[in-house]
Amino acid sequence: MEIITAVRGFKDILPPETDKWRHIEATAHQVFRAFGYREIRVPLLEKTGLFSRGIGESTDIVEKEMYTFIDRGEESLTLRPEATASIIRAYLEHALHAAETVTKLYTLGPMFRRERPQKGRYRQFHQIDAEILGPDDPRTDAELILMLMHFLKILGLPNLNLEINSLGCAECRPAFREAILSFLHGREEELCGDCRRRLGTNPLRVFDCKVETCANIISQAPLLPAFLCEGCREHFEKVQASLRLFDLPFHQNPKMVRGLDYYTRTTFEVTTEFLGAQNAVVGGGRYDHLVRDLGGPDISGIGFAIGFERLVAMIPEGDGDASPDPILFIAALGEMALRKAFFLCNRLRMKGIHVEMDHAGRSLKSQMKRADKLKSVYTLILGDREIQENKAFLRNMLASTQEEIRLDSMEETIMRIER
RNA sequence: GUGGGUGUAGCUCAGUUGGUUAGAGUGCCGGGUUGUGGCCCCGGAGGCCGAGGGUUCAAAUCCCUUCACUCACCCCA
């Protein structure tokens, strides 16, 4: 019979990989809490409308990459492709905005997009997501970015680039959009097929094109900063000024546009050369009207999403939780010894000590081999013979020495050794 | 959705111009010591050569289909 395999694009995360995951999660909890964020856990499944309204009808995510299905022939539901929309939904549904003027939330967990899998990108992937809802002053932006970079630094990630930009607001962005359109007008023939399509959907994304001719053309185009209104320019300046207070290198990248419709003003991205084509580790930005667009008051927000798998891929091997090597392995010889060993082994475990044994009644040699393989610090050698005499041998596996110990005080001896 | 690459033992991979019972390393199990690990030596188990079809006296090898994995594109964290 054939085994049933995981769904395409869905991955098992096995040990010891899970140690890394726990390490990253623990670090996130610790760092984010210090910056005053509280954890929120939102459902993986939402009404489809939440995302089409939040992310934007014409984005690729909504158009072709969502895991959407009709629930019992009634309602269209979608596995969340990102967390921000859900967080804002919960923020509004529970009227958190009425309870406080600043809400700092984070969450971590799986997201779903129905794309062709490739390196660092699966259909179920994971993100760490943080949002600040309420204030729109530039120090908020700087604080969020600062926390993000601090988090990445603590994880020890190498060669990261922080790029920031301002996309302007409803006042100034349309003018820029028009400028780009008129700049490209008449040159459609020179652009690649994708870019011609982009002209109709999101002309700003021509900046992202990797085709050389497109890149050449767009390099002559006017840039966004020149079109920022006074308010946006000032905001952006202040964000940068706040960042400069810290030892935190960043690059202003006027060509960085983002894929989601809701971003306004500050946007940022953290990239690395380590990950092939999937070079972005984090993306984020300000969304001044998303809360309003989702039916709430006109409250602004800013947030980021970290690609968990990409983080994992960059963390050095062995940089995780302490390895689960046992303190003690009990090698038992004989039926009586096996029974005694089983009892001792589990009693010590209940006291929090990691003890292993083998129940199969193998030779001492093979049990020693197993103890060695498990990297057990000590091995207790316990045969029927020793039980008669109320003793056992405690072997130090590193020093290759062993001593005789009394069996009835064995638990105390082990407890003492363990410290 | 589009294009390229790869599918042989648990894992990493050999396998000549098609030619006997398909190999290595590693891992696993056992032995070399009446009850003592690592190093070393010996033995064993483990493969429908991704699946289906075709060509041929003969297919892991050639052809077609399909599936999976993988890299890239679109897009995105």
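The chains referred to below are lettered A, B, ... by the order of the sequence lines, with proteins before strands, and numbering in each begins at 1. Every value quoted in this text rests on a predicted model; they were computed, and no experiment measured them.
No hydrogens or angles considered: nothing links the side chains of A:Tyr67 and A:Gln124 as a donor-acceptor pair under 3.5 Å. Between the side chains of A:Asp136 and A:Ser300, not a single donor N or O lies within less than 3.5 Å of an accepting N or O.
Nucleotide B:U36 holds its C1' atom 12 Å from the CZ atom of A:Phe329, rounded to whole Å. Nucleotide B:U36 holds its C1' atom 15 Å from the CD atom of A:Glu404, rounded to whole Å. Counting to the nearest Å, the C1' atom of B:C28 and the CG atom of A:Asp358 are 14 Å from each other. At whole-Å resolution of the value, CE in A:Met314 and C1' in B:A77 are 12 Å apart. B:G37 atom P lies 8 Å from atom CG of A:Leu364, rounded to whole Å. A straight line from CE of A:Met256 to P of B:C76 spans 13 Å, rounded to a whole angstrom. Distance A:Lys373 NZ to B:C39 P: 12 Å, rounded to the nearest Å. Straight-line distance from the CD atom of A:Glu309 to the C1' atom of B:C76: 13 Å, rounded to whole Å.
Salt bridge status for A:Glu309 with A:Lys11: absent, with no side-chain N to carboxylate O gap under 4.0 Å. A salt bridge links A:Glu404 with A:Lys391: the closest approach of a Lys/Arg side-chain nitrogen to an acidic carboxylate oxygen falls below 4.0 angstrom. Salt-bridge formation is detected for the pair A:Arg406/A:Asp408: a Lys NZ or Arg NE/NH1/NH2 atom is positioned less than 4.0 Å from an Asp or Glu carboxylate oxygen. Ion pairing between a basic and an acidic side chain is recognised when a charged N comes within 4.0 Å of a carboxylate O; A:Lys104 and A:Glu143 show such pairing.
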For this session: Could you please spell out the steps behind the side chain to side chain contact (heavy atoms under 4.5 Å, CB included) verdict for A:Met368 and A:Phe329?
Result: CA-CA 9 Å; A:Met368 295 291 290; A:Phe329 186 95; over 6 Å; no

For this session: For A:Glu356 and A:Arg349, run salt bridge (charged side-chain N to carboxylate O under 4.0 Å, His left out): C-alpha distance rounded to whole Å, both residues' side-chain angles, the deciding distance at 0.1 Å, then the answer.
Result: CA-CA 9 Å; A:Glu356 290 293 337; A:Arg349 286 167 171 173; 3.5 Å; yes

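The base of B:G30 lies outside donor-acceptor range of the side chain of A:Ser366, with no N or O pair under 3.5 Å. With hydrogens and angles left out, the side chain of A:Lys365 and the base of B:G32 share a donor-acceptor pair within 3.5 Å. Below the 3.5 angstrom threshold, one finds no donor paired with an acceptor across the side chain of A:Gln367 and the base of B:U36. For B:G37, the base has no donor-acceptor partner in the side chain of A:Arg370 [N/O atoms by modelled type, under 3.5 angstrom]. Between the base of B:G35 and the side chain of A:Ser363 there is no donor-acceptor pair shorter than 3.5 Å.
Within residues 108-115 of chain A, the residues having any heavy atom under 4.0 Å from RNA chain B are, by residue number, A:Arg113, A:Glu115.
Comparing the same atom, C1', in B:A45 and in B:A68 gives a spacing of 28 Å after rounding to whole Å. Separation of the P atoms belonging to B:C41 and B:G27 is 12 Å when rounded to the nearest angstrom. Taking atom C1' on both B:G7 and B:U61, the two are 14 Å apart, rounded to the nearest angstrom. Taking the C1' atom of each, B:A14 and B:G54 are spaced 28 Å apart, rounded to whole Å.
When distances run from any side-chain atom of A:Arg116 to the nucleotides B:U36, B:A72, B:A77, the shortest one goes to B:A72. Considering only the side chain of A:Ala305, B:A77 comes nearest among B:A77, B:U36, B:G37. Set against B:C76, B:U36, B:G35, the side chain of A:Glu386 has B:G35 as its closest nucleotide. Side-chain proximity of A:Arg310 to B:A77, B:U70, B:G35: nearest is B:A77. Comparing B:G37, B:A77, B:C69 against the side chain of A:Lys11 picks out B:C69 as the nearest. In this structure, of B:U36, B:G37, B:G30, it is B:G30 that holds the atom nearest to the side chain of A:Arg362. The side chain of A:Arg8 has B:C69 as its nearest neighbour among B:A77, B:G35, B:C69. Candidate nucleotides B:G35, B:A77, B:G32 were compared by shortest atom distance to the side chain of A:Ala280, and B:A77 ranks first. Considering only the side chain of A:Arg385, B:G35 comes nearest among B:G35, B:A77, B:G37.
A:Thr264 contributes a side-chain N or O that, together with a main-chain N or O of A:Asp288, makes up a donor-acceptor pair within less than 3.5 Å.
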For this session: Starting at the 5' end of RNA chain B, write a dot or bracket for each base, bracketing those in Watson-Crick or G-U wobble pairs whose two distances are under 3.5 Å and using | for partners on another strand.
Result: (((((((..((((.....[...)))).(((((.......))))).....(((((..]....))))))))))))....

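When the nearest nucleotides of RNA chain B are assigned to A:Gly9 and A:Gly283 by heavy-atom distance, the more 5′-ward of the two goes with A:Gly9. Along RNA chain B, the nucleotide nearest A:Ala6 and the nucleotide nearest A:Ile381 are compared for position; the residue whose nucleotide lies closer to the 5' end is A:Ile381.
How far NE2 of A:His354 is from CG of A:Leu328: 10.0 Å, rounded to the nearest 0.5 Å.
Every salt bridge (Lys or Arg N to Asp or Glu O under 4.0 Å) that A:Glu115 has, sequence neighbours left out, goes to A:Arg121.
In this structure, A:Phe308 forms no aromatic stack with the base of B:A77, since the conditions of centre separation below 5.5 Å and plane angle below 30° are not both met.
The residue A:Gln402 sits close to a base: some heavy atom pair falls under 4.0 Å. Base engagement by A:Leu333 is indicated by at least one non-hydrogen atom pair under 4.0 Å involving a base atom.
Contact annotation: the side chain of A:Phe236 approaches that of A:Gln252 to within less than 4.5 Å [non-hydrogen atoms, C-beta and beyond].
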